[in-house]
Amino acid sequence: MPALDESILVLIPSFNDWAALRLLLPRIDRALTASTMTGTKWSASVLIVDDASTDPIPGDWPGDSFDAIDSITILHLRCNLGHQRAIALGLYHAHEFTSAPAVLVMDGDGEDRAEDLPKLLEEFERGGRREAVFAARTRRMESLTFQFFYHAYRVIHRVLTGIEVRVGNFSVLPRSAMVRLMASSDLWNHYAASVDRGRLPRRLLPLARGRRLEGRSRMNFVSLLIHGLAAMSVFSDIISARLLAASAVFALLGAGLIAGTGMSLAAGILLALAAQSLTFAALFALAIVSRRSVANFLLLRDAPHFILGATVCWRASSLARLGATLALEEQSSTSRAQA
């Protein structure tokens with residue numbers, strides 16, 4: 001039985017990463033070619049969301065021809081918005097201007113390994129193509145300093161929200177989930193957190209994080225802090241409720257300390273601090289809850305203001321596509337005969 005033909009959209013946010021992308025795209029092509037061994041012949045259209053890069057696109061870019069990649073399109077943004085909002089605008093473009101049944105989201109620096117695409121797609125198939133599949137990181141390659149702050153962020157996130165951080169951007173998203181995310185204002189702040197907050201069905205696949213293919217990472221302490229705050233902002237109502245509860249407990253403990261020990265000055269100061277923290281937590285909780293009646297950012301309404309245009313920089317010819325199809329079918333037949 002011949003392999004089934006399926007096409008997905010590979011979404012890659014990028015800022016000045018043209019050299020890394022030149023190395024990554026052939027790896028994606030080889031990985032998709034290898035995915036035919038699972039019984040499905042995957043091809044892809046690649047959408048690179050250019051987050052207002054300051055470096056021009058090299059004249060000979062991407063510089064290769066591909067077998068499993070049908071086209072490469074660059075979506076140009078008007079201004080630099082960061083990876084998370086670039087992903088959101090890429091999903092909007094996929095929703096509005098493509099019929100892709102699924103979107104594979106990955107970073108463009110190679111730390112999301114192209115070699116793991118067949119594993120993600122196989123897990124996507126195992127879930128009946130109805131569930132999102134996220135890579136759960138088992139090992140990271142960053143410096144010890146970065147890993148320390150990242151683990152500190154995970155602990156703080158768990159304490160404030162009750163949710164453990166295990167995933168990044170590397171994922172496969174079915175179209176049914178993408179359609180639902182178009183009505184979520186949380187997507188504008190953080191992609192993975194919006195999927196979690198929207199209670200969309202998802203599966204986790206343990207995968208190690210790779211090394212950057214070219215250049216140096218632009219993620220530093222400030223970037224990590226902003227990224228963490230964006231993720232936690234999706235759960236701001238939960239955080240405010242937890243802070244309010246903790247402040248109330250703190251106030252009760254202070255009052256009990258005064259009544260039980262007869263302490264005066266120290267206990268009074270403690271109770272005053274508890275009362276202040278309780279007041280601020282209550283005001284914060286009310287402010288967060290009141291936001292529910294405010295018209296928030298909606299991609300379907302607001303996204304076009306941030307998109308400058310799209311450029312198709314590479315497309316497979318009909319003859320090349322036919323040759324690639326025949327080669328893949330011959331490879332698949334050979335593998336079945338050997339088995």
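Computed from a predicted structure; not experimentally measured. One is the number of the first residue; the rest follow in order along the sequence. What's counted below: heavy atoms across the whole structure, side chains too, no hydrogens, waters or symmetry copies.
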Cluster check [X], [Y]: I/L/V/M/F/W/Y, side chain < 4.5 angstrom:
X      : Y      : result
Met182 : Ile87  : yes
Leu47  : Leu300 : yes
Val155 : Phe235 : no
Leu187 : Leu298 : no
Val46  : Leu23  : yes

Partners meeting side-chain hydrogen bond (donor to acceptor under 3.5 Å, both in side chains) with [X] (sequence neighbours left out):
X      : answer
Ser99  : none
Asn80  : Asp51
Ser185 : none
Asn169 : Gln84, Asp107

Listed partners of Tyr92 passing ring-ring contact (aromatic ring centres under 6.0 Å, His included), at least two apart: none
By ring-ring contact (aromatic ring centres under 6.0 Å, His included) - contacts of Trp314 (at least two apart): Phe66
Out of curiosity, [X] [atom1] to [Y] [atom2], how far, rounded to the nearest 0.5 Å?
X      : Y      : atom1 : atom2 : answer
Ser171 : Met106 : OG    : CE    : 10.5 Å
Phe306 : Leu75  : CZ    : CG    : 13.0 Å
Ile57  : Thr311 : CD1   : OG1   : 6.5 Å
Ile28  : Asp112 : CD1   : CG    : 10.0 Å
Phe15  : Leu81  : CZ    : CG    : 11.0 Å
Leu173 : Leu91  : CG    : CG    : 6.5 Å

Results of salt bridge (Lys or Arg N to Asp or Glu O under 4.0 Å) for [X] - residues two or more places apart only:
X      : answer
Arg158 : Glu164
Asp186 : none
Arg27  : Glu115
Arg22  : Asp60

Parallel, tilted or perpendicular, as decided by the 30° and 60° cut-offs, for the rings of Phe97 and His93: tilted
Plane angle bin for Phe134 and Tyr191 - parallel if under 30°, tilted between 30 and 60°, otherwise perpendicular: tilted
Using modelled atom types only, decide if a donor and an acceptor are shared between the side chain of [X] and the backbone of [Y] within a distance under 3.5 Å.
X      : Y      : value
Arg85  : Trp188 : yes
Asn189 : Val234 : no
Asp29  : Leu25  : no
Thr161 : Ile163 : yes
Trp18  : Asp55  : yes

Modelled atom types, side-chain donor and acceptor of Asn16 and Thr54, under 3.5 Å: yes
Should [X] and [Y] count as side-chain neighbours, where that means a heavy-atom distance under 4.5 Å?
X      : Y      : value
Ser43  : Ile69  : no
Pro13  : His83  : yes
Val179 : His95  : yes
Val49  : Ile12  : no
Trp42  : Pro118 : no
Leu77  : Leu308 : no

Derivation of the side chain to side chain contact (heavy atoms under 4.5 Å, CB included) call for Leu181 and Val195: CA-CA 7 Å; Leu181 283 178; Val195 172; 3.9 Å; yes
Minimum heavy-atom distance between [X] and [Y], given as atom pair plus value:
X      : Y      : value
Met232 : His157 : CG-CD2, 3.4 Å
Leu207 : Ala135 : CD1-CB, 3.8 Å
Leu204 : Ala136 : CB-CB, 4.2 Å
Ala52  : Cys79  : CB-C, 3.4 Å
Arg202 : Val167 : NH1-CG2, 3.9 Å
Ser7   : Pro101 : O-CD, 3.2 Å

Ionic contact status for Glu111 with Arg209, cut-off 4.0 Å: yes
Ionic contact status for Lys119 with Glu122, cut-off 4.0 Å: no
Partner set under side chain to side chain contact (heavy atoms under 4.5 Å, CB included) for Ala44, not counting sequence neighbours: Ile8, Val10, Leu32
Qualifying residues under side chain to side chain contact (heavy atoms under 4.5 Å, CB included), relative to Glu131, sequence neighbours excluded: Pro201, Arg203
Candidate pair Val172 and Glu123, rule side chain to side chain contact (heavy atoms under 4.5 Å, CB included), full reasoning: CA-CA 9 Å; Val172 181; Glu123 189 68 20; over 6 Å; no
Test log, rule side chain to side chain contact (heavy atoms under 4.5 Å, CB included), inputs Arg315 and Thr73: CA-CA 9 Å; Arg315 189 187 299 275; Thr73 302; 5.7 Å; no
Intermediate values then yes/no, side chain to side chain contact (heavy atoms under 4.5 Å, CB included), Ser14 and Leu21: CA-CA 9 Å; Ser14 176; Leu21 284 169; 3.5 Å; yes
